[in-house]
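Each chain gets a letter, A, B and so on, in the order the sequences are listed, and its residues count up from 1.
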Amino acid sequence: MIMAYDPGKIEPSWQEYWRTQNTFVAEDGGGKPKYYVLDMFPYPSGNGLHVGHPEGYTATDIVSRFKRMNGFNVLHPMGWDSFGLPAENHAIKTGTHPRETTTKNIANFKRQLMMLGFSYDWDREVATSDPDYYRWTQWIFTQLYKQGLAYEGEMAVNWCPALGTVLANEEVKDGLSEIGGHEVVRKPMKQWMLKITAYAQRLLDDLEGLDWPEYIKDLQRNWIGRSDGAEVDFTIQGGEGTDHEKLRVFTTRPDTLFGATYMVLSPEHPWVGGLTTDEQRGAVEAYLAEAAGKSERDRQIAKEKTGVFCGSFAINPATGKPIPIWIADYVMMGYGTGAIMAVPGQDERDWEFAEKFDLPIIRTVQIPDGWEGKAYTDDGPAMNSDFLDGMGVAEAKAKMTAWLVDRGLGEHKINFKLRDWLFSRQRYWGEPFPMLKLADGTVRIMEADELPLILPEVEKYEPAGTGEGPLATISEWMELTDPVSGQAAVRESNTMPQWAGSCWYYLRYIDPRNDKAAWDPEKEKYWLPVDLYLGGTEHAVLHLLYARFWHKVLFDLGLVSTCEPFKKLRNQGMILGENGEKMSKSRGNVVNPDDVIADHGADSLRLFLMFLGPLERDKPWNAKGIEGIRRFLDRAWRLFFDDETDELLPQVKNVEPDETALKILHKTIDAVTTMTEELRFNTAISQMMVFVNEMSQAAVRPRSVLEQFVLLLAPYAPHWSEEVWRRLGHQDTVAFETWPTAEARYLVEDMITVVVQVNGKVRDQIEISADAQKDAVLAQAVGAEKVQQWLKGKEIVKQIYVPGKLVSLVVR
RNA sequence: GCCGGGAUGGCGGAAUUGGUAGACGCAAGGGACUUAAAAUCCCUCGAAGCGUUGCUUCGUGCCGGUUCGAUCCCGGCUCCCGGCACCA
């Protein structure tokens, strides 16, 4: 009978061991330094895991195990982002309560994660849809409310008729809903908003100190979109005494004011009616009707600029000349003041509009020689601009801003693209808002001891259709008498978006069973910040910006001790299908981890996912490739054990290791240590393969050397390592063994191969002793037989020696 | 259009304070063992050429530059991926 490495047998038993021994339960405190390793928790979908999930989870698991072996107290939790649309859509279709679906899916996800041997502290598991959890989500909302950071506003929102809900700007892509790709229209509705804009500058500034990928920081910077400029007042001709005397615009180019030849109002601008003259009223109304009928998508794909003259004029404060006021939908109400001064000479959009409607164009920045474009937006000396002439853009901006401020015509102004966060959804499966709208028109926010406000049972999960969610249909829940004020009251029928629960789950993990507070401040001080946070790029702006915002609010309230939650962030790439395309059911290229584990075991899957390529890159799956990894584990096993007898091989001996064995061992320790620290798991595994290849050749395998290797492999293939460790006679888990140290003296070679180049081409190699001096090496290089052939009849004009690397001879 | 990132054998990928390009794995080919196959082990494996145990030339998307020497630095392109997109 063949007794070879059998993951199907050893893996479940070690998982059982870790579970019953509470191996990975984290202590809150103690003498060791702490290390908090966090995965972006999953939405437990009905499809279960696909191989993409374990990629990131394996990476963090390796780090967690590596840190434990390096003496850290590691917090490595897992939980569920369990509110959300798919379970609700399933409920609409089948009538199954989302709670039921979610519970079932969580069980399946957890089973699959368990099978991968991750070292999570499952005692800290949380689910955002659990009342014990969302109680505190609601509580944090009340804190935001009390800070004036939550408000109800009537505003144009992204209404998605197909989904029956409004969406945040972040959830709309190309005018379509990110989920499902449905049409989205702008519609004014009363909605709860969170004032994330109040934190725009800090969200921008604090990116600086974070160890995050630069491109993620850039995405956030662009999203926040700070721009420096000025607000300028334009006097309306004939506006004296009315409520629209001065029209205020925002511009980033105050230096071009002399070139402002017309103005544009957004169609939604409140002054449109007041500024429209009787002659123009018909045309304007027709235009407004047309603009209102456009969906977001229409508006974005429209190639030609449209607009209409409103009949009124404003005075350009720099030139004193009247300029016409137009209405056009290329100006957005949501940014700046919803009105602009148009400077066609220096703005491509304005140029296009001016050309189409035959409006004057004045260049106020000199164009460079040979300029063939239209609007010129780059730097250059000012012209046609009176006191600004000759100045560069930066100087002219400053000068003009000062000039405006002096005369009371405007002021310096910073604008952000970031908008307030639309925080309500017309959905059932989310956190109810902890508030009562009282008969006297006031709002009473619920206190901590009244929470959680439990999500009521409902008969139908469909949105009410009126723009209200399903909760609106349960009058016995909606309507009540407020026990505090005694007034009649109604609840809020909206629920919070899925992002709410994920905004603070990393905080709940540090104290998950606390029923007196969301977390204990002492524990928070101990565990935070998160030392390593790993997840997909898709959350670069949404989740990561929202969570940073909440964290800063909590910081200002003294509830957390750091101003940023996630010190170091890394993104894992996607695992693509074998055909190089994104994995999806419809493409039929989905790989199920259950199958892979059944064939080759979790350790092979873990190793292979890491071996595929750099963590952050997208990589295609390869069914043959995992067989190669399996072979590696088989061979590593056979370094120790006889497949026939299951006994330790006679080659494995308790002997003093020789120089060769020590060299390969320490080289491997050195490489695996640094590469694991740098999350370069693919190359760490390569080095372990090299070790196994070399040791397989060795007639004698010193036991001490092999044992060190088992430790190196332990974070990567934990079941394999536990089993081998135990069979080598150790009683304890390998999880807390001390990580091996590379000894420098085994990393240096006595004899070094040095390359000899002649005129930049490699011509020979010479062996030198490690301590050979420059002159000796050069002499040996010049004397080498093959080199001599290339030196024949030539004169050496330059000799370069890179110590230990190469000799370069330049000849003529 | 703007902002990122990327391009290396048949494939996934190694190698950067500028120093032997192709580690490691997959695939492929050959051999050993076997009645046979699987498994295992050994060998070959960027391209072309030649006087073929070896040597030469070319070769890291394209074109140039710096350098004794460039996958790496600089300038100019092409293509692919991601993000943003009338944000004044």
Give the nucleotide from the list [options] with an atom nearest to the side chain of [X].
X: A:N682; options: B:rG13, B:rG19, B:rC24; result: B:rG13
X: A:V331; options: B:rU20, B:rA88, B:rG19; result: B:rA88
X: A:N622; options: B:rA88, B:rC26, B:rG12; result: B:rC26
X: A:K805; options: B:rC24, B:rC3, B:rG19; result: B:rG19
X: A:R617; options: B:rU20, B:rC84, B:rG13; result: B:rG13
X: A:S686; options: B:rA23, B:rG19, B:rA88; result: B:rA23
X: A:M689; options: B:rA14, B:rU20, B:rC24; result: B:rC24
X: A:L219; options: B:rC24, B:rC84, B:rG83; result: B:rG83
X: A:L806; options: B:rG19, B:rU20, B:rC24; result: B:rG19
X: A:D218; options: B:rC26, B:rG13, B:rG4; result: B:rG4

Under 4.0 Å from OP1 or OP2 of [N]: is there any side-chain N or O of [X] that close?
X: A:Y335; N: B:rA88; result: yes
X: A:N693; N: B:rG25; result: yes
X: A:R635; N: B:rC41; result: yes
X: A:K619; N: B:rG12; result: no
X: A:T537; N: B:rG83; result: no

Tabulate protein N/O versus nucleotide N/O from nucleotides 51-57 of chain B, keeping only pairs under 3.5 Å, one per line.
residue : atom : partner : partner atom : Å
B:rC55  : OP1  : A:K786  : NZ           : 3.1
B:rU57  : OP1  : A:R763  : NH2          : 3.2
B:rU57  : OP2  : A:R763  : NH1          : 3.1

Checking all strands, does [X] fall into the base, sugar-phosphate, or nothing category for heavy-atom contacts under 4.0 angstrom?
X: A:T252; value: sugar-phosphate
X: A:G628; value: sugar-phosphate
X: A:Q697; value: sugar-phosphate
X: A:E214; value: nothing
X: A:Y215; value: sugar-phosphate

Next item on the list: Give a yes or no on whether A:K667 atom NZ has more than 12 heavy-atom contacts from other residues, nucleotides or ligands under 6.0 Å away.
Entry: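 Atom NZ in A:K667 is not crowded, with 12 or fewer foreign heavy atoms closer than 6.0 Å.
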
Check: Is the number of heavy atoms from other residues, nucleotides or ligands under 6.0 Å of A:K356 NZ greater than 12?
Finding: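 Yes.
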
Which residues share a salt bridge (Lys or Arg N to Asp or Glu O under 4.0 Å) with [X], sequence neighbours left out:
X: A:K619; result: A:E55
X: A:R630; result: A:D634
X: A:D379; result: none
X: A:E411; result: A:R248

Item checked: Closest non-hydrogen atom pair, A:V756 against A:A781 ->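 Shortest heavy-atom separation between A:V756 and A:A781 comes out as CG2-CB, 3.8 Å.
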
Could you run down the sub-3.5 Å N/O contacts of the protein with nucleotides 63-66 of chain B?
none

Margin query: Could you check whether the side chain of A:E348 and the base of B:rG1 have a donor-acceptor pair of N or O atoms closer than 3.5 Å, going by distance alone?
Written below: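 Absent.
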
Check: Checking only heavy atoms, does the side chain of A:K624 share a donor-acceptor pair with the base of B:rC11 at less than 3.5 Å?
Finding: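 A donor-acceptor contact between them is absent.
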
Notebook entry, point to check: Hey, where does RNA chain B pair up into stems, meaning at least three consecutive Watson-Crick or G-U pairs with distances under 3.5 Å?
Noted result: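 Stem segments, range with range: B:1-7 with B:78-84, B:10-12 with B:24-26, B:28-32 with B:40-44, B:46-50 with B:54-58, B:61-65 with B:73-77.
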
Look for any protein N or O under 3.5 Å of an N or O in nucleotides 43-49 of chain B and output each such pair with its distance, or none.
none

Margin query: Could you work out, with side-chain contact (heavy atoms from CB on, under 4.5 Å) as the rule, every residue matching A:S808, not counting sequence neighbours?
Written below: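 Partners of A:S808 under the side-chain contact (heavy atoms from CB on, under 4.5 Å) test: A:Q757, A:I800, A:L806.
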
Note to self: Checking A:K217 now: which residues fulfil side-chain contact (heavy atoms from CB on, under 4.5 Å) with it, not counting sequence neighbours?
What the structure shows: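 A:L207, A:L210, A:W212, A:E214, A:R221.
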
Heteroatom pairs (N/O) under 3.5 angstrom, protein to nucleotides 36-39 of chain B:
none

Next item on the list: Kindly indicate, with the supporting measurements, whether the criterion ring-ring contact (aromatic ring centres under 6.0 Å, His included) is fulfilled by A:F691 and A:F709.
Entry: CA-CA 8 Å; A:F691 176 89; A:F709 170 73; 4.6 Å; yes

Notebook entry, point to check: Using 4.0 Å as the upper bound for N to carboxylate O, is an ion pair formed by A:K374 and A:E348?
Noted result: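 No, A:E348 and A:K374 are not salt-bridged.
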
Item checked: Salt-bridge present (A:R570, A:D211; N to O < 4.0 Å) ->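 Looking at A:R570 and A:D211, the cut-off is met.
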
Checklist line | Six-ring centre of A:F353, A:K305 cation under 6.0 angstrom, axis tolerance 45° | finding: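 Not satisfied by the 6.0 Å and 45° rule.
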
Next item on the list: Applying side chain to side chain contact (heavy atoms under 4.5 Å, CB included) between A:M695 and each of A:L665, A:L639, A:T668, A:V690, report the one that passes.
Entry: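 Filter result, single survivor: A:L639.
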
Next item on the list: Tell me which of A:N759 and A:R253 sits closer to the 5' end of RNA chain B, going by the nucleotide each one is nearest to.
Entry: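 Closest to the 5' end, via its nearest nucleotide, is A:N759.
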
Tabulate protein N/O versus nucleotide N/O from nucleotides 16-18 of chain B, keeping only pairs under 3.5 Å, one per line.
none

